[in-house]
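In what follows, a single structure is set out as structure tokens and then discussed.
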Amino acid sequence: MLKCHSPKPSTILTILQGCNNIKRLKKIHAYVIISGLQHHVTISNRLLNFCAVSVAGSMSYAQHLFHHMDNPSTEAWNSIIRGFAQSSSPCQALLYYNAMISASFSQPNSYIFSFVLKACEKIKDEKKCGEVHGSIIRRGYERDIIVCTNLMRSYAGNEFMESARRVFDDMSDRDLVSWNCMISCYSQAGFHQDALTLYNQMQDKNVGLDGFTLVGLTASCAHIGALNVGIEMHKIARKKGFMNDIYVANALIDMYAKCGSLDSALSIFNKMKKKDVLTWNSMIVGYGVHGHGDKAISLFKKMLMAGVQPNSITFLGLLCGCSHQGLVEEGIQYFHLMSSDFKLKPEVKHYGCMVDLFGRAGKLDEALKLIKTSFFDAPVLWRTLLSSCKIHRNVMIGEIAMNNLVHVGMPNAGDYLLMATLYAGAKDTEGVSRMRKIMQNQGIKTTVAWSWIEVEDQIYKFVVNDSSHPDSCKIYAKLEEIIHQAALLGYVQEEEAIDTYPLFSTEVSLGSSTSKHSEKLAIAFGLIKTPPESCLRIMKNLRVCNDCHTFIKYISKAYDREIIVRDRVRFHHFKNGLCSCGDYW
DNA sequence: TTAGGGTTAG
């Protein structure tokens with residue numbers, strides 16, 4: 001119990017140090033008032049600081065304390081702005097910052113700028129970020145390395161990458177954190193090539209690196225499929241002793257899985273002494289997108305035995321694996337398990353996997369029923385169903401899916417092409433021309449398809465009929481040669497057949513040829529540039545069309561090459577004339 | 001007294 005006699009301020013401050021909950025703080029506050037110390041600056045500031053910053057604090061009580069201060073000091077402004085910047089109401093931080101600027105007797109310091117910028121980033125207020133930037137310059141903080149790093153992140157968080165980069169370039173002094181921050185900003189915003197280029201500049205300047213550097217770069221390698229650069233990151237991590245850093249190891253597992261090297265991913269996974277949910281998820285999702293549903297399930301069981309709680313991503317990996325391996329019963333079981341045993345509510349993505357699972361297995365009625373009971377009116381579900389209708393040539397359900405896509409107002413070029421394919425299969429020429437007309441009349445634009453391949457540490461991109469590469473003549477000559485070799489083994493090109501249109505694509509816009517598809521050009525280039533018997537790894541932003549899928553099978557046999565293709569949906573491992581997807585994709 | 005950087009999906 002607190003005794004009520006005239007205490008020394010130092011006694012109150014000591015009591016405050018031991019305070020660990022808001023109830024006790026309120027009692028101390030009452031005691032401060034009774035003792036007539038409510039205007040003692042240090043005590044008021046400490047009380048406020050506890051409420052605003054401590055996890056056991058209360059922002060409403062912090063506001064109450066703040067508004068009873070006669071002339072809040074910079075320290076008090078600091079606490080209230082910091083508190084709101086890290087709260088679920090970051091807008092309030094900006095309101096207090098504005099109030100501080102208006103009340104000219106207190107001036108913001110470098111700490112306050114850091115908190116305000118954090119708030120700008122959270123609420124996505126680019127305009128405010130620019131205003132604060134102006135204020136930073138006017139008040140002479142543009143040379144503060146931490147303020148500038150915060151400013152970069154704030155701009156990048158608002159998707160103003162050029163402004164972020166300008167801040168970075170204009171910094172008079174940069175340290176490892178500022179370099180890492182710019183790299184991770186690029187990586188998180190999807191500017192992967194810029195992240196890798198910046199790393200090269202960083203090395204030229206002998207800044208050094210740490211685990212943070214490796215994580216940002218490895219994540220970028222994963223996204224663009226830059227395996228060779230990723231392997232370099234792994235070597236550095238081993239050499240410099242960063243393999244015990246769980247962030248680094250997790251990023252490497254994900255990178256290897258996304259670059260098609262499941263064995264390398266597993267090797268790191270097995271060596272890790274400490275694994276968290278991301279470690280398990282990266283491996284399970286890796287198995288899922290490679291079509292190894294059984295291995296994903298087996299790992300999931302081990303994960304539970306290890307006492308690691310799965311999350312919604314774990315189940316995405318499991319369902320994806322079940323769907324691609326045709327494990328219908330298991331998929332249904334895990335779909336129910338996520339809510340019954342793990343209290344995870346299935347999201348649109350999980351329903352998408354289930355529609356795909358039923359659809360691929362030919363259970364189109366069940367897929368339809370699931371969409372109707374899902375309470376999601378998401379285009380992606382109807383689109384998934386439509387693609388299953390194409391596999392199983394079911395025009396009736398295809399039309400239901402298409403009508404619903406029109407109803408939700410989101411049909412794209414790929415959808416019309418899929419529907420046209422379905423009509424073509426049913427010899428419904430009127431249906432085909434109706435789809436063509438809608439596309440032409442509504443000017444529906446197709447997505448540009450492109451494929452890319454990493455040779456040494458460079459990424460080479462190709463689009464259909466690409467002639468931009470300096471070695472273009474050699475590439476086309478090689479393409480002719482490989483088409484001939486494939487033909488000798490029995491390959492017949494599906495020229496202009498409407499059912500060669502890829503699912504979400506486009507590449508084969510109505511009237512173009514399948515013979516110069518981007519993945520064929522990438523393969524021709526790869527065969528020229530890589531040693532015999534080495535594995536070719538191709539990435540594509542859309543799905544591989546039937547013709548290219550067949551073609552690559554023949555090429556894997558004719559040239560005795562393993563060819564790994566990562567498309568928009570999954571991995572295809574082509575070897576000796578066969579594909580790991582079993583032509584089931 | 002207090003401030004800056006990291007991984008899965010989307």
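Proteins come first, then strands; the chains are lettered A, B, ... in the order of their sequence lines, and each starts at number 1.
Closest approach to the A/Ser184 side chain among B/dG6, B/dT8, B/dA3 is made by B/dG6 (side chain taken as heavy atoms from C-beta onward). Residue A/Arg153 has its side chain nearest to B/dG6 when only B/dT8, B/dA3, B/dG6 are considered. When each of B/dA3, B/dT1, B/dG6 is scored by its nearest atom to the side-chain atoms of A/Val215, the top-ranked nucleotide is B/dG6. If you check B/dA3, B/dT7, B/dT8 against the side chain of A/Asn281, the one that comes closest is B/dT8. Out of B/dA3, B/dG6, B/dA9, the shortest distance to the side chain of A/Asp144 is found at B/dA3. Comparing B/dG6, B/dT2, B/dT1 by their closest approach to the side chain of A/Tyr111 singles out B/dT2. Counting only heavy atoms from C-beta on, A/Leu316 has its side chain closest to B/dA9 among B/dG6, B/dA9, B/dG4. For A/Phe212, counting side-chain heavy atoms from C-beta on, the closest listed nucleotide (B/dG6, B/dA3, B/dG4) is B/dG6.
Between the C1' atom of B/dA9 and the OH atom of A/Tyr287 lies a distance of 20 Å, rounded to the nearest Å. Spacing between atom CG of A/Asn109 and atom P of B/dG4 amounts to 14 Å, rounded to whole angstrom units. The CD1-C1' distance, from A/Ile313 to B/dT8, rounds to 5 Å in whole Å. The distance from atom CG of A/Leu176 to atom C1' of B/dG6 is 12 Å, rounded to the nearest whole Å. As rounded to whole Å, 19 Å separates atom P of B/dG4 from atom OH of A/Tyr155. One atom, CZ of A/Phe50, and another, C1' of B/dT1, lie 15 Å apart when rounded to the nearest Å. Rounded to an integer number of Å, the gap from NZ of A/Lys122 to P of B/dG4 is 12 Å. Rounded to whole Å, atom C1' of B/dG6 lies 13 Å from atom CE of A/Met202.
Side-chain N/O atoms of A/Lys118 include none lying less than 4.0 angstrom from OP1 or OP2 on B/dA3. Between A/Lys258 and the phosphate of B/dT7, there is no side-chain N or O to OP1/OP2 separation shorter than 4.0 Å. Close to B/dA3, at under 4.0 Å from its OP1 or OP2, lies a side-chain N or O of A/Arg82. Taking side-chain N and O atoms only, A/Gln86 has no distance below 4.0 Å to OP1 or OP2 of B/dT2.
Electrostatic pairing of A/Glu162 and A/Arg165 does not count as a salt bridge here, judged by no charged N lying under 4.0 Å from a carboxylate O. Here A/Lys258 pairs with A/Asp254 in a salt bridge; the nearest charged N to carboxylate O distance falls below 4.0 Å.
Under the side chain to side chain contact (heavy atoms under 4.5 Å, CB included) test applied with A/Ser110, the options A/Ile136, A/Asn150, A/Asp144 reduce to a single match, A/Asp144.
We find that the ring of A/Tyr247 and the base of B/dT7 do not stack by the test of centres under 5.5 angstrom and planes tilted less than 30°.
Classified by interplanar angle (parallel below 30°, tilted 30° to 60°, perpendicular above 60°), the ring pair A/His290/A/His292 is parallel. Ring pair A/His29/A/His64 is perpendicular by interplanar angle, where above 60° counts as perpendicular and below 30° as parallel.
Residue A/Gly211 is classed as a base contact, given a heavy-atom separation below 4.0 Å to a base. Residue contacts shown for A/Ser187 are absent, as no nucleic acid heavy atom lies under 4.0 Å away. Among the heavy atoms of the strands lying under 4.0 Å from A/Glu75 is at least one base atom, whether or not backbone atoms are also near. Residue-level contact check: A/Val248 touches the bases, meaning some heavy atom is under 4.0 Å from a base atom. Residue contacts shown for A/Leu117 are absent, as no nucleic acid heavy atom lies under 4.0 Å away. Using a 4.0 Å heavy-atom distance criterion, A/Thr314 is classed as making no nucleic acid contact. Residue A/His223 is in sugar-phosphate contact alone, with no base atom involved, counting any heavy-atom pair closer than 4.0 Å across all strands shown.
A donor-acceptor contact closer than 3.5 angstrom links the side chains of A/Ser178 and A/Asp175.
Interface remark: the A/Asn250 side chain does not form any donor-acceptor pair with the B/dG6 base, using a distance-only criterion of under 3.5 Å. A/Asn78 contributes a side-chain N or O that forms a donor-acceptor pair with the base of B/dT2 under 3.5 Å. Scanning atom types as modelled, one donor and one acceptor separated by under 3.5 angstrom connect the side chain of A/Asp175 and the base of B/dG4.
Residues A/Trp280 and A/Leu299 come closest through the heavy atom pair CZ3-O, 3.6 Å.
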